[in-house]
Every structure is written in C-alpha cells, then in structure tokens.
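Notes follow the structure.
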Amino acid sequence: QDGTVDASSGNAELTLDGGADSGSMTVENIASDVDASAYTGTLTITSAAVDGSDDGDELTPVMDIITGTGDTVVSGDDSLDGDTDNLDITVDGSQLAGTGNTLTLKGDAEFEITNDTVGETLNLDISQIQDDDELILVGSGDFRLTGTQADIDASALSGAITVETLSGDTSTAINVTAGTGVTTVDA
C-alpha cells in the first residue's frame, strides 16, 4: 500500500511493516529512529534538520534507520551548515544487501552505513553526497558505491568494497580509507 507520513510533530521511533504487500512509503520531516526491517516496498525518508553530538570519544547520531529490502532513499538535512564532524544519521542496510536493490543517500548530513550480511553486497548510490563530505562504512558485508565524490572511511569494514567515482567533466579527488577487506577503486 502506498502512503506518506509527516513525522514533524513526533519524536517516537517509527516502525514500518508492510509485509509482502508493501507498496511505496514516503516519510517526511522525521528526526527520530525508523525501523523498516519488515518493510519490502520502496521507501523514501527525508529527515528534519538534525545535528548529531560529540560525546568525547564517541559520536552520537540523532537518527538510526534500519532499512527493509526495497529500494530506499535517505535524504539527510544537517542543521549546522558546514558541519562535517558530528555524525547525524546511521543506516543499517543489512536487510537490503544481496537483493539487487539500492540505498541512495542525499543531503548534507553525515552518514554511517552498516552492512552485516556476510558475503552479500549493499548497493549504495552516493552521487548526491558532496565532495567535501565523508561517508563511514562499517560491518562485515560488502559494499558497491556508485557516483562517489565524497571521501570514504571504511576502516571499520571487514567486507570488500568497490568504489566507482562520479562520472562527468569535473574531476574530484577522493580519499578512501580501507578496512581489512579487498578495496577496489574504479575511477
């Protein structure tokens, strides 16, 4: 079933469960956690303006998102322009890995993406993440990144990673910090 949820007036965790009959769902203006692990349809999540905090040795995100198995778009809005130090949103895409569907990231929020599905690849379109941002990848599963112009920190990743750079006329320097898995960069 298709639908739209405006979450601007609440801060409780949102759970989406559409089962085998999931259609497409749009969640707007959310600044709290989303659990879509039982959702199989297409999902679009647009955050309200968020800003994670720095708790000394550990960064604390404002939002934790668990994807389902359908194509998923997460658009994050960082409330502090120019802030690249505080982690804003974590996304666990383990359920999406191996399905052939894609997790697409947009916006200026700082993201950490997890894939803990060993031997399965999470397809990640990051063409809308700017070249002055950094994306953090963690887990034991594999990643395939397309449209890369941002820096990649995969130091906590034990799975393999393939990084395909953004195509076009503009050249962009990217830094890739590898984890313990095989790292391939296709420029």
[atom2] on [Y] to [atom1] on [X], rounded to 0.5 Å:
X	Y	atom1	atom2	answer
Asp131	Thr148	CG	OG1	12.0 Å
Leu124	Ile113	CG	CD1	6.0 Å
Asp125	Leu105	CG	CG	8.0 Å
Asp153	Leu135	CG	CG	9.0 Å
Thr117	Gln95	OG1	CD	7.5 Å
Ile66	Leu96	CD1	CG	13.0 Å

Please report the shortest heavy-atom distance between [X] and [Y], naming the atom on each side.
X	Y	value
Ala109	Ile89	CB-CD1, 4.0 Å
Ala150	Asp133	CB-O, 3.4 Å
Val50	Ala31	CG1-CB, 4.0 Å
Ser24	Asp2	N-OD1, 2.8 Å
Ala12	Ser32	O-OG, 2.9 Å

How about Asp77 and Ser47: does a side-chain donor come under 3.5 Å of a side-chain acceptor? no

Given side chains that start at C-beta, do those of [X] and [Y] come closer than 4.5 Å, heavy atoms only?
X	Y	answer
Leu145	Ile161	yes
Leu16	Val27	yes
Ile152	Ile174	no
Met63	Asp88	no
Asp108	Gln130	no

Test your reading of the model: is there a side-chain donor-acceptor pair from [X] to the backbone of [Y], 3.5 Å cut-off?
X	Y	result
Asp64	Thr90	no
Asn101	Thr69	yes
Asn115	Glu120	yes
Gln149	Ile129	yes
Asp151	Asn175	yes

Please check if Val5 and Ile30 belong to a single hydrophobic cluster, counting links between Ile, Leu, Val, Met, Phe, Trp and Tyr side chain heavy atoms closer than 4.5 Å. yes

Just grab all the salt bridge (charged side-chain N to carboxylate O under 4.0 Å, His left out) pairs involving residues 23-43, residues at least two apart or on different chains. none

By side chain to side chain contact (heavy atoms under 4.5 Å, CB included) - contacts of [X] (at least two apart):
X	value
Ala156	Val138
Gln128	Lys106
Asp17	Ala38
Asp116	Ser94, Thr114, Ser140

Looking at Val74, Ile126, Ile65, which hits side chain to side chain contact (heavy atoms under 4.5 Å, CB included) with Leu103? Val74

Holding to salt bridge (Lys or Arg N to Asp or Glu O under 4.0 Å), I want the full list of residues that pass it with Glu164, two or more places apart in sequence or in another chain. Arg144

